[in-house]
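The block underneath contains the structure these notes are about, expressed in structure tokens.
In listed order, ligands and their atoms are each counted from 1.
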Amino acid sequence: MFRALSLGGFLSLVGVLLMTITMSSQVRAQSRKEFAIVIHGGAGGDPAKWTEEYRQQRRAGLTAALEHGVEQLTAGAEAIDVVEQVVRMMEDDQTFNAGRGCVLNENGEHELDASIMDGRNLRCGAVAGVRQAKNPISLARKVMTETKHILLMGTGADEFGEAIGIEQAEPDYFRTQRKKASWQRWKNQDVDAQLHRPKTIGPGDEQLYLGTVGCVVLDKQGNLAAATSTGGLMGKRWGRVGDSPIIGAGNYADNQTCAVSGTGVGEEFIRHTVASDIAARIRYGGKTLQAAAKTVVEALPEECGGVIAVDGMGSMVMEFNTPGMSRAFADSAGNRGVMLGRDD
Ligand code: ASP
């Protein structure tokens with residue numbers, strides 16, 4: 001009798017335990033979003049001072065890129081493919097400072113930086129100071145998949161792209177009339193010798209150092225990826241490389257922690273190892289994505305830039321210490337938005 005009862009008791013205890021485990025994994029499964037995507041189109045400048053036309057242009061570019069990403073993710077596409085495709089779209093849009101319509105260096109030439117990272121396996125690829133690839137982000141991906149290296153630079157990177165058949169473009173494709181005019185204004189200004197940025201910004205000069213692009217994604221398979229692409233800073237010294245192609249500074253993705261893309265004064269992002277610091281605070285400090293990103297961005301010099309990030313649960317973060325950061329986000333739970341300034 002005692003044995004039968006205790007067996008019965010034991011079995012019901014197992015039943016209760018199993019139910020609890022099933023319920024808690026359901027709760028976890030429910031709270032993990034199926035997918036999440038955040039994109040940025042650069043920080044810097046004050047969106048409140050932009051013309052309505054320019055604001056609309058930026059919103060339209062962000063919306064189109066976001067919609068494309070959401071469509072792909074809904075259909076089950078992989079994070080690494082989505083970040084590349086979305087960044088390609090923004091590189092092709094001359095509103096942003098990446099690919100076509102990039103800012104120009106001190107000599108009035110273009111030198112593009114980009115990187116991509118796969119959170120599944122920490123594989124990554126990057127290019128710096130390239131001039132020929134129509135879409136630097138795709139060249140960066142080829143460095144990841146077709147070489148045993150991570151970062152290729154200058155003519156070596158361009159030759160590699162040409163050799164493997166990456167689509168090429170002429171200098172005038174990248175150097176739009178609008179960016180040439182901005183460069184001319186920059187040339188006539190008093191510039192900060194260290195950062196090659198204007199000390200003052202006149203009306204209409206919102207083009208000067210705005211518009212680096214980035215995308216971070218959690219896909220339906222639970223994988224993370226990040227991609228970032230830029231023309232750098234207007235009037236930068238030729239040969240200067242920013243944070244965007246530096247893994248752990250302007251770009252990072254690791255399924256264990258998060259995917260991050262940064263925008264702002266690259267020198268500071270490199271100095272503060274911004275993207276990997278956010279991941280490290282989650283990994284070793286047990287911080288949430290939100291808390292980690294906030295702490296790291298707050299530690300940057302004033303009006304320096306911002307980050308977008310997602311984690312494996314689909315939390316989305318957009319932190320910046322500039323008056324604005326062009327950004328858009330969407331997830332499988334129906335959250336969605338396109339914003340330029342602090343509140344709109
Ligand atoms: N971070 C980029 C760079 O320094 C510029 C930007 O994000 O606007 O090259």
Is there at least one pair of N or O atoms, one from Gly266 and one from ligand 1, spaced under 3.5 Å apart? yes
Determine whether any heavy atom of Arg240 lies closer than 4.0 Å to an atom of ligand 1. yes
If you define the side chain from C-beta out and look only at heavy atoms, does anything of Asn188 sit under 4.5 Å from Gln184? yes
Using only heavy-atom distances, determine whether the side chains of Arg120 and Asn255 contain a donor-acceptor pair under 3.5 Å. no
Any N/O pair Asp243/ligand 1 closer than 3.5 Å: yes
Return yes if a side-chain donor-acceptor contact under 3.5 Å exists between Ser138 and Glu84, otherwise no. yes
Taking only heavy atoms of Thr263 into account, list the atoms of ligand 1 that are under 4.0 Å away from them. 6 (C), 7 (O), 8 (O)
Once the angle between the rings of Trp183 and Trp186 is folded into 0 to 90°, is it parallel (under 30°), tilted (30 to 60°) or perpendicular (over 60°)? tilted
Hey, does Leu139 have a side-chain heavy atom less than 4.5 Å from the side chain of Phe160? yes
Near Thr212, which atoms of ligand 1 are under 4.0 Å from a heavy atom of that residue? 2 (C), 5 (C), 6 (C), 7 (O), 8 (O)
Option nearest atom 2 (C) of ligand 1 (shortest heavy-atom distance, choices Gly232, Gly264, Gly242): Gly264
